[in-house]
Amino acid sequence: MSLKKSLRNQLATTLLSSAVGLAASFSVMAAEQTYVTIGTGGQTGVYYVVGQSICRLVNRGTEEHGVKCTAPSTGGSVANINAIRQGQQDMGLAQSDWQNYALEGTTHESFIAQGPFTDLRAMFAVHNEPFTVVARTDSGVETFDDLVGKRVNLQNPGSGTRGTMEVLMDLKGWTRDSFKLAGELKASEQAQALCDNKIDVMIYSVGHPSGAIKEATTSCAAKVIPVEGEVIDKLIAENAYYAPAIIKGGMYEGTDKDVKTFGNAATMVTSANVSADTVYLVVKSVFDNFDRFKKLHPAFENLDPKEMIANGLSAPLHEGAIRYYKEQGWM
Ligand code: GLU
């Protein structure tokens with residue numbers, strides 16, 4: 001090979017490798033622009049606080065890891081799971097019952113229509129969410145069965161609360177016609193509707209203390225109603241994702257004694273299609289800063305990491321979450 005030719009070859013190789021180098025640095029830059037979206041719930045709920053808190057922790061390191069996190073308000077659990085399935089959200093908050101129903105493709109018509117969501121993945125559980133019924137004191141509602149014939153807000157389709165209410169309605173043999181009015185207001189709209197006397201009852205599967213329940217019970221005379229009896233006992237006994245729950249007396253004006261109900265866990269879910277590195281980063285941001293996270297809402301006060309990665313999770317853990325939990329020696 002002549003010297004000239006070999007030089008030319010060398011130059012070509014150099015050019016080529018610098019082009020590759022350039023492409024590589026472009027792809028690093030592209031990776032630096034990663035966005036993570038966490039679906040939450042109404043702005044007066046606790047999911048919104050969870051999502052915003054997680055994003056705040058993730059975004060403290062954006063300069064270093066390049067991931068930017070946003071947590072918009074959404075319609076709630078069922079809407080979040082469907083948005084994750086369609087690739088519109090990377091992660092989201094969802095009730096443990098709806099995590100299970102989505103995985104199995106049951107209970108909600110949208111889940112039945114799509115079949116089992118086999119790519120659904122769990123990250124961790126957060127706080128407990130008692131199924132909470134609040135009635136105007138002048139409505140005469142004292143028990144859950146008293147809802148029949150009243151103006152009841154069932155919430156928007158897409159909320160986990162609405163879904164769980166429909167599960168209860170089926171068990172009780174109730175339909176929308178069982179109520180004088182079956183409202184579809186969003187979670188954030190119902191406290192005002194209650195106090196404007198547009199509805200007698202609002203329902204909310206939510207962590208406590210909840211801004212929405214505080215708003216209702218401080219703006220007008222309203223109280224928390226127990227949800228108990230044989231049907232509820234059976235529901236809890238047959239399904240691991242439901243558990244007995246108590247709403248502590250004194251937490252809300254007008255409700256001095258403990259109120260018995262049942263509840264689910266709030267959980268963070270994602271899809272197997274979301275990269276392990278992204279899920280790892282989000283999980284790490286929460287648990288590396290856990291004391292800070294716990295201070296962001298009173299409902300997080302008693303959270304324990306080992307319980308959070310075991311309880312209320314029907315879907316398999318995401319591999320990125322497992323990586324972090326193994327590093328910590330939690331599994
Ligand atoms: N559990 C509720 C739902 O899925 C949302 C509660 C909240 O926003 O804190 O509809």
Side-chain angles (χ1 to χ4, degrees), residues 38-55 71-85 89 91-103 107-108 110-111 117 120 122-134 152-169 183-191 202-216 224 227 241-243 245 247 251-252 261-270 293 296-301 303 311-315:
I38 302 177
T40 63
Q43 286 189 357
T44 50
V46 183
Y47 284 8
Y48 191 69
V49 182
V50 176
Q52 293 290 320
S53 304
I54 293 174
C55 281
S73 166
T74 71
S77 295
V78 174
N80 290 341
I81 292 170
N82 282 330
I84 291 168
R85 192 169 192 165
Q89 283 171 18
M91 298 165 190
L93 276 303
Q95 294 178 200
S96 48
D97 48 349
W98 292 102
Q99 181 187 140
N100 182 85
Y101 299 143
L103 187 74
T107 315
H108 195 275
S110 71
F111 293 174
F117 183 6
L120 184 65
M123 293 169 67
F124 50 83
V126 206
H127 55 283
N128 290 326
E129 301 189 277
F131 184 82
T132 308
V133 176
V134 180
V152 180
N153 189 47
L154 306 178
Q155 282 203 25
N156 56 295
S159 86
T161 307
R162 166 70 171 265
T164 305
M165 181 64 181
E166 284 174 351
V167 168
L168 294 179
M169 285 165 61
E184 297 211 311
L185 296 173
K186 293 192 291 186
S188 59
E189 296 167 339
Q190 40 179 9
M202 61 181 262
I203 56 170
Y204 207 1
S205 297
V206 71
H208 294 282
S210 134
I213 313 280
K214 277 215 159 129
E215 188 190 336
V224 182
V227 183
Y241 40 85
Y242 291 125
I247 298 161
M251 188 173 294
Y252 300 108
T261 182
F262 75 104
N264 56 269
T267 69
M268 268 286 280
V269 294
T270 184
F293 178 77
L296 296 170
H297 195 282
F300 309 157
E301 217 167 68
L303 292 181
N311 297 344
L313 308 179
S314 310

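Atoms within a ligand are numbered from 1 in the order they appear, just like the ligands themselves.
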In the structure I gave you, are the side-chain heavy atoms of [X] and [Y] within less than 4.5 Å of one another anywhere?
{"X": "Y241", "Y": "Q99", "result": "no"}
{"X": "I81", "Y": "Y101", "result": "no"}
{"X": "V206", "Y": "Y47", "result": "no"}

Checklist line | Polar side-chain atom of S188 near backbone of G42 as donor-acceptor pair, under 3.5 Å | finding: no

Next item on the list: Using modelled atom types only, decide if a donor and an acceptor are shared between the side chain of N80 and the backbone of M91 within a distance under 3.5 Å.
Entry: no

Short list, please: which atoms of ligand 1 are under 4.0 Å from a heavy atom of [X]?
{"X": "S159", "result": "10 (O)"}
{"X": "Y204", "result": "6 (C), 7 (C), 8 (O)"}
{"X": "T161", "result": "2 (C), 3 (C), 10 (O)"}
{"X": "V206", "result": "9 (O)"}

Item checked: R162 contact mode with ligand 1 (heavy-atom cut-off under 4.0 Å) ->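 It is neither; nothing of R162 touches ligand 1.
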
Notebook entry, point to check: Among all protein non-hydrogen atoms, which one is nearest to atom 9 (O) of ligand 1, and what is the separation to 0.1 Å?
Noted result: V46 N, 2.6 Å

Note to self: Checking a contact table here: which protein heavy atom is nearest atom 10 (O) of ligand 1, and how many Å away?
What the structure shows: G160 N, 2.8 Å

Check: Yes or no on side-chain contact (heavy atoms from CB on, under 4.5 Å) for F131 and D97, after CA distance, side-chain angles and deciding distance?
Finding: CA-CA 12 Å; F131 184 82; D97 48 349; over 6 Å; no

Got an N/O contact under 3.5 Å between [X] and ligand 1?
{"X": "G45", "value": "no"}
{"X": "S77", "value": "yes"}
{"X": "Y47", "value": "yes"}

Item checked: Test log, rule side-chain hydrogen bond (donor to acceptor under 3.5 Å, both in side chains), inputs N264 and T164 -> CA-CA 10 Å; N264 56 269; T164 305; 5.1 Å; no

Check: Should S205 be listed as contacting ligand 1, given a heavy-atom distance under 4.0 Å as the test?
Finding: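 In this structure, S205 qualifies as a contact of ligand 1 - some heavy atom is under 4.0 Å.
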
Check: With under 30° as parallel and over 60° as perpendicular, where do the rings of W98 and H108 fit, or are they tilted in between?
Finding: perpendicular

